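One structure is given here, and the rest of the page talks about it.
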Amino acid sequence: MTIEDERREQVLGTVRRSLGNMKSDKARRAIVRGRLENHPKGEIPARAQVNHFKQVDLFVEMAGAVDASVDRVKTKADILDAVTEFLRSRNLPQSLIHGDDAYFADLPWGKHKTLEHRRGPAAAKDLVSLAKAHSGVAETGTLMMASGADNPVTLNFLPDVSIVVLETKDITGDYETAWDRLREKFGEREMPRTLNMVTGPSRTADIEQTLLLGAHGPRSVHIIIVGR
Amino acid sequence: MVIRSGKFKANAREALADPQLQRAMSNVGVGFVQKRRMAMDKLPEFDALRDQARDIKNHTFQYLDLYYEEYEKKVREAGGHVHFAPTDGDARDIILDICRNAGAHSVTKGKSMIAEEIAINDHLEENGIKPIETDLGEYIIQLRGEAPSHIIAPAIHLNKDQVEASFREAHTGLDENRNLDEPESLVAEARSMLREAFLNADVGITGANFLIAETGTSVIVTNEGNGDLTQSLPRVHIVITSLEKMVPTLEDATAILRVLARTATGQEMAVYNTFSTGPRREGDPDGPEEYHVVVLDNGRSSMIGTEFQDMLRCIRCGACMNHCPVYQSVGGHAYGWVYPGPMGSVLSPSLIGVDKAGHLPNASTFCGRCEAVCPMRIPLPKMMRHWREREFERHLSPFSVRSGLGFWKFFATRPRLYNFTAAVAMPVLAALAGAKGYLKALPLATGWTHYRNLPAPEGRTFQQQWRDHLAGVDE
């Protein structure tokens, strides 16, 4: 037995002793397996249990309430127009970094020659990132970002400005539905390496409880919702 | 961290006489309390969500050994490592080993109370590794060589001018005439100072608010984004967490997240809830190459099945201290160890012993606000009472308390004598008070009357009135 095994046995052994006279191991395992396989849903706030149009509206409202800015475009083809316009309105350089996402690869970059774009993880010098959300949860205006080559995790944290594309079809009312969508993509009991739930730009209230944006992560989060 | 809980009374007296601290603490009762109230009002299901959160944790503890087996299996499959640490010393050894194997010189840290509990910073420093706190509050108190005074707002005991002074002293390379009047400029300066630390660190250490058995995932909940830079940029990510953080599924984690931020800061959701599963995968252009989870026990496994098990449900939101009249008055440092306020008064004696922390459960008026606001419905006052009983049983209470209680017991167990004495004493006290209706001082109770007046009895004793009341009902 290695020291690691001994430590493990010491902790879990005490847990088992503290639990005292337990049901049969078989019965206990069946309960645990059932919970993990069925991942039952509990109480879900009524707030987002509305039709999909209203869920999209609620997402916009909730994201706005946490200081994210939201823009809506009709189709994917309009994304880069919205991006260049946003950068212009904020006096930001026409330059951004994005992941190796096929979704971004076939955007009409040729029509936006002034917009520089690099692919890959973010570096310290990157001011603006473009990423794609896996889901958006209306309940709290929360983006779910799944890491991978298509969406490097650093895009969500290093740049000052985070632009996130979210398709209306990917907007759910509650977290539970978003987890189901994630399982469809990654499989039961599987997760992307990093799953970020992002609700607005970075903030702190560590000095005299005064709320300030842009602590370590992005100072602003701009969400472009695609589709009606 | 040196345990100073045994000196709670002296610490509290010092805190009450500290004008800077008193000014800083005046923010607590207003900010946190109002924000929580507003979040509550926006969610009609809140009480049902609290019941559910309590039930999830109670269920998990019943099968904790098996959920850990499932959790470990999934972490291993994802290429990560789980290390169990029976004691704080074990946890320090494990973390130092990982850092040494990584050849680490500098370590960035997200905010973690477990890291405070095992005092990892001192240990790393003693072994030539530089720990850098990156949460703004933690960064400030690290510069000042202080301990956190609140579990989610570590620098809540400080005022802006104190932070400014610390920054001017520490950030020597910058323009001495720069303007740091506004909190914005302090935040911006910390941001730029820490950027380099993030990029140069060899290892990142974060805590975890949850471990998820379903997927082998650890979760951090933050607002600043420092925890994410801490765990995404260095080559090695170490999660230091404790045994009770387990939940079964993703649904269970978000069910508890629904009550966590609302109760803690009044936000509907913290800005970043980050779910991490294993190290960087094939094709990933970023993220850590190693992923280690250190699970600290330090006495928690022995709390299961005892009258203190409910305390393990605590999700470290801080609401109990925000609403506590004692905490609001004396601040977190007076409690003398890592966990202040009501949750600390219950947890600390379990972790460091009632002989060292026995004063803490006495630092309560039993007003019950802590239990009323607890999102996990932890019966904090009841458990403080359990500790008081243990303290008494083990003869740890001071002579004055024991003799006072003995005196009280003498009367309370002799009803005739008690009633007679009370019937005599009431009119005497009323006469002493005279027309003003209160007493400014009482022998043997000056500790009480020093701060407030004792309203004088107005007539007959409770027992006399109760007898009449019963007689009335009987008629």
Side-chain angles (χ1 to χ4, degrees), chain A residues 4 7-8 10-12 14-16 18-20 28-29 31-32 35-36 39-43 45-46 62 120-121 124 140 142 147-149 152-154 156-158 175-176 179 189-210 212 214-217, chain B residues 27 31 43 45 48-49 52 63-68 70 83-86 90 136-137 153 155 159-160 163 183-184 186-187 191 199 213-215 217 223-226 228-229 232 248-251 254-255 268-269 271-278 281 283-287 297 301-302 304-305:
Chain A
E4 289 261 307
R7 285 170 175 154
R8 177 183 186 278
Q10 197 178 332
V11 173
L12 294 184
T14 314
V15 169
R16 281 188 286 263
S18 296
L19 284 168
R28 295 178 78 238
R29 280 181 197 278
I31 288 170
V32 165
R35 179 106 177 189
L36 297 183
H39 34 78
K41 297 176 183 182
E43 174 88 23
M62 297 307 289
T140 45
T142 300
S147 80
V153 67
T154 43
N156 304 328
F157 296 99
L158 268 178
Y175 311 126
E176 284 78 355
W179 291 137
R189 299 198 65 179
E190 296 300 328
M191 284 284 270
R193 180 180 54 81
T194 311
L195 187 282
N196 296 112
M197 294 174 80
V198 179
T199 310
S202 154
R203 67 199 60 202
T204 182
D206 271 348
I207 301 175
E208 294 188 357
Q209 289 203 48
T210 312
L212 298 168
H216 289 294
Chain B
N27 293 326
L43 196 68
E45 294 90 349
L49 290 168
Q52 172 177 272
Y63 303 94
L64 193 61
D65 52 331
L66 298 182
Y67 280 124
Y68 264 102
E70 293 286 339
H83 312 261
F84 287 91
D90 294 327
L136 179 59
N159 297 298
K160 187 176 65 64
V163 178
E184 281 89 344
L186 294 167
V187 172
R191 180 183 170 109
L199 295 163
E214 179 190 355
T215 49
T217 299
N223 276 323
E224 297 184 3
N226 64 307
D228 290 279
L229 292 172
S232 304
T249 65
L250 294 166
E251 278 78 1
T254 34
E268 301 257 1
M269 198 66 161
V271 178
Y272 302 115
N273 296 312
T274 297
F275 294 66
S276 307
T277 313
R281 296 181 187 168
D284 278 356
D286 55 13
D297 182 345
S301 56
S302 305
I304 295 171

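Source: prediction; values computed, not measured. First the proteins, then the strands, lettered A, B, ... as listed; each starts at 1.
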Could you grab the distance from atom [atom1] of [X] to atom [atom2] of [Y], nearest 0.5 Å is fine?
| X | Y | atom1 | atom2 | value |
| --- | --- | --- | --- | --- |
| B/E214 | A/W179 | CD | CH2 | 9.0 Å |
| A/M62 | B/M269 | CE | CE | 11.0 Å |
| A/R189 | B/L250 | CZ | CG | 10.5 Å |
| B/L66 | A/L36 | CG | CG | 10.0 Å |
| B/T217 | A/M191 | OG1 | CE | 4.5 Å |
| B/N27 | A/Q209 | CG | CD | 6.0 Å |

Pairs of heavy atoms under 4.5 Å with chain B: top-ranked of [options]:
| options | answer |
| --- | --- |
| A/T210, A/N156, A/T154, A/T142 | A/T154 |
| A/P201, A/P192, A/A46, A/P40 | A/P192 |
| A/R16, A/R28, A/K41 | A/R28 |
| A/V32, A/N196, A/V198, A/I31 | A/V32 |

Taking all non-hydrogen atoms of both residues into account, name the closest pair between [X] and [Y] and its distance.
| X | Y | value |
| --- | --- | --- |
| A/A124 | B/L199 | CB-CD1, 3.5 Å |
| A/S18 | B/S301 | OG-O, 2.7 Å |
| B/V187 | A/G214 | CG1-O, 4.0 Å |
| B/E251 | A/E176 | CG-CG, 3.9 Å |
| B/P285 | A/G148 | CD-O, 3.9 Å |

Let me know if [X] has heavy atoms under 4.5 Å from chain A in its side chain, its backbone, both or neither.
| X | answer |
| --- | --- |
| B/D297 | side chain |
| B/E268 | both |
| B/L136 | both |
| B/S302 | both |
| B/Y63 | both |
| B/A255 | neither |

If you count heavy-atom pairs under 4.5 Å between each of [options] and chain A, which one has the most?
| options | result |
| --- | --- |
| B/D65, B/T274, B/L229 | B/D65 |
| B/L64, B/L186, B/N159 | B/N159 |
| B/T249, B/L43, B/N223, B/V163 | B/N223 |
| B/T215, B/D90, B/N273, B/V271 | B/V271 |
| B/A153, B/G305, B/G287 | B/G287 |
| B/G225, B/A155, B/P86, B/P183 | B/P86 |

**OP:** Sorted by first residue and then second, give each salt bridge (charged side-chain N to carboxylate O under 4.0 Å, His left out) pair with at least one member in residues 190-209 of chain A; sequence neighbours left out.
**Re:** A/D67-A/R203, A/E190-B/K74, A/R193-B/D284, A/R193-B/D286
**OP:** Verify, without hydrogens or angle tests, whether B/Q52 (side chain) and A/E43 (backbone) share a donor-acceptor contact under 3.5 angstrom.
**Re:** yes
Original post:
Is any side-chain heavy atom of A/Q10 closer than 4.5 Å to a side-chain heavy atom of B/F84?
Top reply: no
Subject >> Close side-chain approach of A/V153 and B/D228, heavy atoms under 4.5 Å >> reply: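 SC-SC contact between A/V153 and B/D228 ruled out.
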**OP:** Check whether A/T194 gets within reach of chain B through its side chain, its backbone, both or neither, counting any heavy atom under 4.5 Å.
**Re:** both
**OP:** Go through the structure and list residues passing ring pair (Phe, Tyr, Trp, His ring centres under 6.0 Å) with B/Y272, not counting sequence neighbours.
**Re:**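 If we apply the ring pair (Phe, Tyr, Trp, His ring centres under 6.0 Å) test to B/Y272, skipping adjacent residues, the hits are A/F157.
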